[in-house]
Amino acid sequence: MAGHFEVFTDNGGSCRVRLVDEFGTELAVSGPFHDQDAVVRGIYKLREIAASGLIEVHTSTF
């Protein structure tokens, strides 16, 4: 099974989403959203970007 998105409420009361792989490892956590509808829009945008976005490396360790 592929990973999934988890929508949750943080300690400050904002909605966030985390991307988790098939082993339960957290791969990414979003910034805060004001409600669940905004989180869903963010997930759709993330899917769109991930499908075609370029990779930019901003570190000297590679």
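Because the structure is a prediction, the values reported are computed rather than measured.
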Problem - Nearest non-hydrogen partners of D10 and R16, listed with the distance - result: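 Between these two residues, the closest heavy atoms are OD2-NE, 2.7 Å.
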Handout entry: Heavy-atom closest contact (C15 atom, Q36 atom, distance)
Key =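 C15 and Q36 have their closest heavy atoms at SG-N, 3.8 Å.
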Do [X] and [Y] belong together in a cluster built from hydrophobic side chains that touch within less than 4.5 Å?
X   : Y   : result
V20 : V7  : no
Y44 : L19 : no
I49 : V57 : no

Handout entry: Of L46, V40, V39, the residue whose pairing with V17 passes side chain to side chain contact (heavy atoms under 4.5 Å, CB included)
Key =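 Among the candidates, only V39 passes.
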Problem - Flag side-chain contact, heavy atom, 4.5 Å: E56 against H58 - result: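 Sidechains of H58 and E56: in contact.
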Practice task
Please examine the side chains of F8 and V29, heavy atoms only from C-beta on, and report whether any two atoms are closer than 4.5 Å.
Solution key: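 Result yes, sub-4.5 Å side-chain heavy-atom pair found.
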Problem - Nearest-0.5 Å distance, NE2 of residue H4 to CD of residue E6 - result: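 Between atom NE2 of H4 and atom CD of E6 there are 3.5 Å.
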Exercise for the section: Could you grab the distance from atom OG1 of T25 to atom CZ of R18, nearest 0.5 Å is fine? Expected result: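 Atom-to-atom, T25:OG1 and R18:CZ are 12.5 Å apart.
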